[in-house]
Amino acid sequence: MIREEMIVACCTDLAGKVRGKAFPARQFDLRKKRGVGWTPTNVQITCFDAIAESPFGALGDLVLIPDEKARVRVVLEDGGDAEHFALGDIKHTDGRPWEFCTRSILKSALERLERLTGLTLYGAFEHEFQFRDGPSRLGDAYTSDGFRRGRDFAETLLAAMRNAGLEPDTFMKEFGASQYEATIGPVRGVAIADQATILRELVRLVGERLERPVTFTPIRDPASVGNGVHIHLSFLDRTGKPATYDPKGPYGLGSHAGQFIAGILKYLDAIIAITAPSVVSYLRLTPHRWSAAFNNLGFRDREASVRICPVSDLSDIAKAAQFNFEFRAADAAASPHLQLAAIVHAGAQGIEEGLSVPQATEEDLSLLDAAALRARGYVRLPQGLEEALDRFRTNAVVTGWFPSGFADVYVKHKRGEQAYLGERNQTEICGLYEQVY
Ligand code: GLU
Ligand code: MG
């Protein structure tokens, strides 16, 4: 049979989905200027394929421009198709970035940070996911046995990651039933979110080829643990040198890093609608699941929204280059571009406001009542999507970081997602999210 290879120009959207359009791969050089046509109302397609209330209706035209730097071509050599796609930016036909293009929103957040501080963001997303096939074996958590059952998957993924230009780091059998975790090395700027997206796509690709379907859903079963996305971040200065660590600063944080974290924690309850954006995200963000339930800083504490990660004297990497912090109140129902944009804006806001570094917690905050929490400057994070959307919508500082009209469209999108769920019970709702993420 004759065939001609196609490439998909795509982007992450408000539903955290990767959507796009394919064109003949041989046209890439033309299309990287001209793009492919795109429709504004697509932004209101929810993860359940229903269209939420859209201000655009049937009107308008946009172009999606694939970026050579985010182009991936992977051949698994199993006799199957080449995987070929390029992430890109959505623009108005006159070339202005579209207000709802997640990648453009991230670029402008990164520009704000660079304008303010001269710093470049350096980091990587860590992903947890679960195989959906068969029951998990009891006693597999973190075991070599558990790894063995995922070895063919892991090694195919490893090769695919290298092909795609990602730096493989670790792979392990996580704690949860059929749960695994993949980590990659850090990169700069918008590539942090691009590579997170590419990793998710590769995990799905390998899962499909090996007939081991995967899910990144925030939580499959409220009686168990969730699938977290942990976003590791640090800064580089203009010369490319690490600029996060100061041995004399609180917890080793340099002043910009400290203010950045303070900003994230101050605005966390209002950005969580973006970083953990599904209805089931809030089943995961509960105490004692090693996720995040309060806007607290943790020093090597896995029950904190932002955790300062350890540095080791044994590493061949200098301490200043190892030093990073991790944002834990995120999951894979979100666009990596949008969640990183929200974090960077919150951090930049903290720098602008000159906030001081909060005390790291070393206790179980779930034991404190509301008054005690308030006295210590903590908030319990929203406990449902509706509450999270309200905190976002009503925080003028936060909505002001995004292009005009964005907040309103985002809230309408999420309301459309909620409406689809109707009167379904929790098990049914978890089942639906497991299918779509
Ligand atoms: N599964 C946990 C989460 O939902 C994280 C476990 C860990 O610390 O790796 O974020
Ligand atoms: Mg983990």
Side-chain angles (χ1 to χ4, degrees), residues 16 123-132 136 140-144 146-147 150 153-154 157 168-186 196 199-200 203 214-233 264-265 268 271-272 274-310 324-334 336 339-340 343 360-362 364-366 380-385 388 430 433-434 437:
F125 282 51
E126 173 182 322
H127 281 95
E128 294 170 344
F129 61 91
Q130 285 165 296
F131 288 116
R132 296 179 66 202
S136 178
D140 258 2
Y142 299 109
T143 62
S144 54
F147 175 77
F153 181 94
L157 180 66
D169 184 47
T170 64
F171 188 91
M172 70 160 174
K173 172 68 190 70
E174 248 289 356
F175 178 75
S178 303
Q179 189 181 41
Y180 288 79
E181 172 181 302
T183 64
I184 54 177
L199 177 77
R200 289 179 201 176
V203 167
V214 294
T215 182
F216 286 90
T217 188
I219 196 160
R220 281 174 98 185
D221 171 8
S224 179
V225 292
N227 292 307
V229 164
H230 301 160
I231 305 174
H232 289 261
L233 297 173
I264 294 175
L265 295 173
L268 183 57
I271 63 169
I272 199 137
I274 289 178
T275 63
S278 74
V279 169
V280 294
S281 298
Y282 298 86
L283 299 174
R284 168 178 166 259
L285 297 174
T286 48
H288 311 141
R289 266 179 219 281
W290 289 22
S291 64
F294 302 92
N295 63 335
N296 61 321
L297 173 66
F299 184 67
R300 306 181 180 181
D301 173 359
R302 290 183 175 76
E303 281 246 336
S305 291
V306 174
R307 178 175 87 111
I308 297 171
C309 299
N324 71 92
F325 54 90
E326 165 187 60
F327 180 90
R328 297 173 66 86
D331 63 50
Q339 54 195 175
L340 196 55
I343 293 167
T361 49
E362 286 176 43
D364 184 353
L365 293 185
S366 70
R380 172 74 172 91
L381 296 176
Q383 293 178 54
L385 181 57
C430 285
Y433 276 107
E434 175 177 330
Y437 291 112

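Since this is a predicted model, take the numbers as computed values, not measurements. In listed order, ligands and their atoms are each counted from 1.
Taking a cut-off of under 4.0 Å to the non-hydrogen atoms of Glu181, the atoms of ligand 1 that pass are 9 (O). Proximity to Trp290 (heavy-atom distance under 4.0 Å) selects the following atoms of ligand 1: 2 (C), 3 (C), 5 (C), 8 (O), 10 (O). Interface of Glu174 with ligand 1, defined as ligand atoms under 4.0 Å from a residue heavy atom, comprises 6 (C), 7 (C), 9 (O).
Checking only distances, Gly226 does come within under 3.5 Å of ligand 1, N or O to N or O.
At most 12 heavy atoms of other shown residues, nucleotides or ligands fall within 6.0 angstrom of atom CZ in Phe175.
Nearest N/O/S atom of Glu181 with respect to the Mg ion (ligand 2) is recorded as OE1. Within Glu128, the N/O/S atom positioned nearest the Mg ion (ligand 2) carries the name OE2. The Mg ion (ligand 2) lies closest to atom OE2 when only the N/O/S atoms of Glu174 are considered.
For the pair Pro336/His127, no side-chain contact is recorded, criterion being any heavy-atom separation below 4.5 Å from C-beta on. For the pair Arg132/Gln130, no side-chain contact is recorded, criterion being any heavy-atom separation below 4.5 Å from C-beta on. Put simply, the side chain of Asn296 reaches to within 4.5 Å of the side chain of Ser305, judged on heavy atoms. The shortest distance between side-chain heavy atoms of Asn227 and Asp331 does not fall below 4.5 Å.
Glu128 OE1, 2.7 Å is the protein heavy atom nearest to atom 1 (N) of ligand 1.
Between the side chains of Thr217 and Arg220, no donor-acceptor pair of N or O atoms lies under 3.5 Å.
The closest donor-acceptor contact from the side chain of Thr361 to the backbone of Leu297 lies under 3.5 Å.
The heavy atom nearest to atom 10 (O) of ligand 1, out of those in Arg328, Arg302, Arg284, is found in Arg284.
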